[in-house]
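The structure appears right after this line, and notes come after that.
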Amino acid sequence: RIFRNSEVVEMAVNVFHTSSTTDSLSRQDMLQWINQSLQLNYTKIEEMCSGAAYCQFLHLLFPDTISLKKVKFATRLEHEYINNWKVLQVALKKVGIEKPIAVEKLVKGRFQDNFEFVQWFKKFFDANYDGHEYDPVGAREGQSVVTGDSLAKPPTSAAAPAKSSSGIARQVAKPKPVTAPAHVVKAPAAKVAAPAKSSGVVAPSASSGELKNLQEENQRLQGQIAELEVTVQSLETERDFYFGKLRDIEVVCQQSEDDPLIKQILEIMYATADGFSPPEGDPEVPPPDEGYEQQEEVEQDEY
């Protein structure tokens with residue numbers, strides 16, 4: 001421990017991971033350790049790319065060095081993944097760990113990059129964990145952990161809290177029911193067809209069990225619709241924000257198009273990706289300044 005700004009900061013034990021110094025766990029064993037320790041339901045190592053799980057592991061080890069309120073648990077956006085990794089890096093520095101982290105590779109969600117990092121982190125965790133109990137669901141205030149296409153939620157079974165092989169206490173939180181927002185469009189009711197002539201055979205009615213299953217399936221699908229709408233709204237807001245920034249830059253650049261640097265910037269802005277072409281039938285829209293000049297020339301000619 002060291003004193004920093006009148007506070008006692010506990011220093012971590014650093015570790016080095018190589019193939020000769022570590023008995024690496026398999027991907028399944030590693031996922032089991034992650035899910036049991038943090039009450040998650042990850043199915044792939046690649047889901048660690050958000051950095052949220054690492055932040056909570058560090059909170060488990062050194063709770064005074066990291067605030068989980070800064071961690072984006074429910075996110076599928078890469079720039080918010082980067083935010084989580086920055087929070088982790090700051091916390092690691094606080095406990096004296098100077099480890100280079102290839103964030104730009106990890107956030108892409110490739111297996112090899114994430115598996116190598118989680119192997120180092122598992123060894124780092126084992127070297128610093130003292131066996132104390134920890135409530136992961138309560139620490140993140142019951143938030144669902146979203147990454148990629150997965151939604152990791154606390155288990156729904158009402159089992160009593162127990163310690164896993166890593167010695168962390170389990171507390172199962174009752175998940176909040178997902179309800180569709182008021183603006184979700186409901187499917188129109190099907191028209192009732194005219195009754196057909198009876199052939200003497202009575203069709204079996206749906207059992208109460210089947211109706212219950214259909215109702216649960218409907219509720220699950222309504223929840224997915226609500227989540228997708230929130231995701232789409234977030235993406236549209238982000239898209240409009242960056243488009244507005246680019247438009248402002250374009251207007252400023254068009255005022256000094258003779259500058260070589262400005263020309264390079266405009267070339268980058270107007271460049272298209274390989275293989276991309278505008279949709280057929282859509283006329284090419286000229287820049288606002290050019291269109292304005294053309295319209296002014298026509299008015300002068302008419303005059």
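Because only heavy atoms are used, hydrogens play no part in the values below, and waters and symmetry mates are left out as well, while side chains stay in.
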* Structure fact -> Smallest heavy-atom separation, Cys49 atom then Gly109 atom, equals CB-CA, 3.8 Å

* To do: Decide if atom CZ of Arg220 counts as having more than 12 heavy atoms of other residues, nucleotides or ligands within a radius under 6.0 Å.
  => yes

* Treating Ile, Leu, Val, Met, Phe, Trp and Tyr as nodes and any side-chain heavy-atom pair under 4.5 angstrom as an edge, say whether Tyr270 and Ile249 lie in one connected cluster. => yes

* Does any N or O in the side chain of Gln56 come within less than 3.5 Å of the main-chain N or O of Ala53, such that one atom is a donor and the other an acceptor? -> no

* Smallest separation among heavy atoms of Asn114 and Met48, with atom names -> OD1-C, 3.8 Å

* **Lys86 vs Ile82 side-chain heavy atoms within contact, under 4.5 Å** => yes

* Looking at the rings of Phe124 and Trp120, which for Trp means the six-membered one, are their centres under 6.0 Å apart? -> yes

* Contact summary for Leu25 and Phe115, nearest pair of heavy atoms -> O-CZ, 3.4 Å

* Would a 4.5 Å heavy-atom cut-off, applied to side chains only, mark Arg27 and Lys44 as touching? -> no

* Straight-line distance of Cys55 SG to Gln89 CD, nearest 0.5 Å -> 10.0 Å

* Please report the C-alpha distance between Asn128 and Val95 in whole Å, then the side-chain angles of each, then the deciding distance to 0.1 Å, and finally whether the side chain to side chain contact (heavy atoms under 4.5 Å, CB included) criterion is met. => CA-CA 11 Å; Asn128 289 275; Val95 294; over 6 Å; no

* What distance separates Leu31 CG from Asn41 CG, expressed to the nearest 0.5 Å? -> 10.0 Å

* Could you tell me the separation between the CD atom of Glu217 and the CD atom of Gln219, rounded to the nearest 0.5 Å? => 10.5 Å

* Phe57 and Phe121 aromatic ring geometry - parallel, tilted or perpendicular at 30°/60° bounds -> tilted

* To do: Verify the cluster assignment for Val90 and Ile97: are they in a single hydrophobic cluster under the rule of side-chain heavy atoms below 4.5 Å apart?
  => no

* Asked: According to a 4.5 Å side-chain heavy-atom criterion applied to Ile, Leu, Val, Met, Phe, Trp and Tyr, with indirect links allowed, do Leu261 and Leu266 form part of one hydrophobic cluster?
  -> yes

* Any donor-acceptor pair under 3.5 Å from Ser37 side chain to Ile34 backbone -> no

* Structure fact -> When every non-hydrogen atom of Lys70 is compared with those of Asn83, the smallest separation belongs to O-ND2, 3.2 Å

* Given side chains that start at C-beta, do those of Val71 and Leu68 come closer than 4.5 Å, heavy atoms only? -> yes

* So, Asn84 side chain and Tyr54 main chain: donor-acceptor pair closer than 3.5 Å or not? -> no

* Are any side-chain N or O atoms of Trp85 and backbone N or O atoms of Leu106, one a donor and one an acceptor, separated by less than 3.5 Å? -> no

* Taking the six-membered ring for Trp, are Tyr129 and His132 parallel (under 30°), tilted (30 to 60°) or perpendicular (over 60°)? -> tilted

* Pair Glu141 + Lys69, salt bridge at N-O below 4.0 Å -> no

* Asked: Would Tyr242 end up clustered with Leu77 when hydrophobic side chains under 4.5 Å apart are linked, directly or stepwise?
  -> no

* Asked: Side-chain contact, heavy-atom cut-off 4.5 Å: Tyr134 with His59?
  -> yes

* Asked: Could Arg110 and Asp113 be called an ion pair, given the rule that one side-chain N must be under 4.0 Å from one carboxylate O?
  -> yes

* Take the angle between the ring planes of Trp33 and Phe125 and call it parallel below 30°, perpendicular above 60°, tilted in between. => perpendicular

* Can you tell if the side chain of Thr43 reaches within under 4.5 Å of the side chain of Glu47, non-hydrogen atoms only? -> yes

* Asked: Taking the six-membered ring of Tyr81 as reference, does the NZ or CZ atom of Arg76 fall below 6.0 Å from its centre and within a 45° cone about the axis?
  -> no

* Expected output: side-chain Arg140 to main-chain Gln143 donor-acceptor under 3.5 Å -> yes

* Structure fact -> When rounded to the nearest 0.5 Å, the distance separating NE2 of His79 from NZ of Lys72 is 8.0 Å

* side chain to side chain contact (heavy atoms under 4.5 Å, CB included) between Glu250 and Leu246, worked out -> CA-CA 6 Å; Glu250 181 184 27; Leu246 285 173; over 6 Å; no

* Is there side-chain contact between Gln119 and Met30, with heavy atoms separated by less than 4.5 Å? -> yes

* Straight-line distance of Glu267 CD to Gln264 CD, nearest 0.5 Å -> 7.0 Å

* Do any N or O atoms from the side chain of Glu216 and from the backbone of Asn213 form a donor-acceptor pair under 3.5 angstrom? -> no

* Verify, without hydrogens or angle tests, whether Ser256 (side chain) and Asp259 (backbone) share a donor-acceptor contact under 3.5 angstrom. => no

* Asked: Between CD of Gln112 and CD of Glu46, what distance do you get to the nearest 0.5 Å?
  -> 10.5 Å

* With hydrophobic residues grouped by side-chain heavy-atom distances under 4.5 Å, do Val118 and Phe111 end up in a single group? -> yes

* Just by distance, do the side chain of Asn35 and the backbone of Tyr42 share a donor-acceptor pair under 3.5 Å? -> yes

